[in-house]
Amino acid sequence: MDEKIVKVAVIGLGSMGRGHVEVYKRLEREGKPVKMVAVCDIDPKKLSGESASELNLSDVGKESVDYSAYRQYTSYDELFKKEKDIDYVDIVLPTYLHAPVSIKAMKKGFNVFCEKPMALNAAECKKMIETSVKTGKKLMLGQCLRFWGEYEYLKNCVSDGRYGNVISAYFFRGGGTPLWSFENWLLCREKGGGGLHDQHVHDVDMVQYLFGMPKSLSTSGKIVYEGSGYDCCSTNYFYEDGKVVNVQNDWTINGEFGFDYHFRVNFEKGSIILKDGKLTVYPHEGEKFDPEFDKESAYYKEIVYFSNCVRNDLPVEMSTPESCAKTIDIVCAEAKSADNNGKQIKL
């Protein structure tokens with residue numbers, strides 16, 4: 001009996017959408033049972049492959065793409081109407097469209113893999129979850145750090161307690177301003193949520209994934225581009241056990257700087273530090289060492305994971321909508337805190 005081929009449509013061919021396309025093309029080259037059969041973007045130039053990627057991540061969306069082998073659409077409504085045998089849609093649209101398009105897709109009978117962030121607010125997240133439950137369709141969010149090797153290693157260390165309890169943690173993410181988005185939606189608070197929702201959300205999700213929901217938080221933020229959400233911010237999270245947790249984000253750094261992310265997590269019996277792309281463990285007893293971890297692309301791993309859930313009708317247990325909705329609760333609380341000059345907000 002032939003192995004079932006999971007058929008996918010990618011909706012949204014911007015920089016990150018191109019990155020998803022590259023994964024599907026790789027899976028096809030590898031002979032994996034996943035096949036992209038249709039693509040959709042409102043901009044016809046994207047479908048022709050004329051628009052170049054400008055994302056500030058060096059390994060995402062950089063390949064030239066020929067879409068002639070795939071069914072092409074400039075309207076997701078038309079795609080939903082005509083594509084009856086697709087197993088799931090991969091939604092890589094501006095944030096303000098995540099909830100409505102995901103909900104419509106599930107109601108039309110499609111499973112959904114949706115790029116992060118889940119949505120703009122708790123109400124939208126709730127509707128997405130309710131629709132998934134009501135329709136019986138799978139829904140997973142692309143919070144890729146959960147599949148990133150260095151962060152997977154950190155998660156394992158926190159979970160199994162090999163270095164004791166966490167005492168403190170610091171995460172940073174920063175780079176140039178995203179001036180390339182369609183109609184500049186990334187710098188529109190009502191459409192993208194600004195740096196809080198789009199870039200900072202990665203580390204917020206990791207804090208929530210590692211440590212659970214904080215009891216409260218305080219955020220200082222600055223809006224540099226008029227109409228944007230907070231373009232740079234610093235958040236302190238308060239936990240019952242007193243661990244000190246801080247996350248900083250900034251996308252106003254000079255473009256020559258490129259992009260950087262790092263973390264430092266201190267345990268009772270050691271520290272784990274990611275700096276300049278290198279992960280190092282500093283145990284209190286013994287010599288420092290560079291641990292082994294999975295170096296496969298997180299974008300590849302998350303898509304392989306979801307397609308396997310769809311193909312074998314398995315429950316989604318990673319980046320679940322219920323968990324990712326909690327991340328949006330935190331981000332929205334941060335925006336409220338920043339709006340009120342760092343007022344401590346309870347969760």
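Because the structure is predicted, anything quoted here is derived from the model rather than measured. Nothing fancy with the numbering, it's 1 onward along the sequence.
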- Walk me through it: do S68 and D66 pass the test side-chain hydrogen bond (donor to acceptor under 3.5 Å, both in side chains)? CA-CA 6 Å; S68 62; D66 178 4; 2.8 Å; yes
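- When side chains are defined from C-beta on, K278 counts as touching D290, because their heavy atoms get closer than 4.5 Å.
- Side-chain atoms of S168 and N266 form a donor-acceptor pair, as typed in the model, at a separation below 3.5 Å.
- S319 OG to Y209 OH: the interatomic distance, rounded to the nearest 0.5 Å, is 7.0 Å.
- For the pairing with Y299, the ring-ring contact (aromatic ring centres under 6.0 Å, His included) check across F113, F147, W148 returns one residue only, W148.
- With F306 as the fixed residue, the side-chain contact (heavy atoms from CB on, under 4.5 Å) test singles out one of I303, V304, V310: V310.
- Side-chain contact between L217 and L347 is present, with heavy atoms from C-beta onward closer than 4.5 Å.
- By the 4.0 Å N-to-carboxylate-O rule, K116 lies close enough to D198 to be salt-bridged with it.
- Ring pair F211/Y239 is perpendicular by interplanar angle, where above 60° counts as perpendicular and below 30° as parallel.
- Between R311 and D87 there is no salt bridge, since none of the side-chain N atoms of the basic residue sits less than 4.0 Å from a carboxylate O of the acidic one.
- At a cut-off of 3.5 Å, with distance as the only test, a side-chain donor of Y300 or E30 sits close to an acceptor on the other residue.
- For the pair V158/F267, a side-chain contact is recorded, criterion being any heavy-atom separation below 4.5 Å from C-beta on.
- Under the side chain to side chain contact (heavy atoms under 4.5 Å, CB included) criterion, K222 pairs with V224, C232, sequence neighbours left out.
- Taking CD of E130 as the reference point, atom CE of M106 lies at 10.5 Å (rounded to 0.5 Å).
- Note that CG of N246 is 4.0 Å distant from OG of S234, once rounded to the nearest 0.5 Å.
- By the 6.0 Å contact criterion, NZ on K107 is open, its count of non-hydrogen atoms from other residues, nucleotides or ligands being 12 or less.
- Note: Y151 and F171 have parallel aromatic rings, judged against thresholds of 30 and 60 degrees for the angle between ring planes.
- Atoms CZ and NZ, from F80 and K108 in turn, are 8.5 Å apart once rounded to the nearest 0.5 Å.
- Remark: D43 does not engage K45 in a salt bridge, criterion side-chain N to carboxylate O under 4.0 Å.
- Y170 forms part of a hydrophobic cluster together with F172, I253, F257, judged by ILVMFWY side-chain heavy-atom separations under 4.5 Å.
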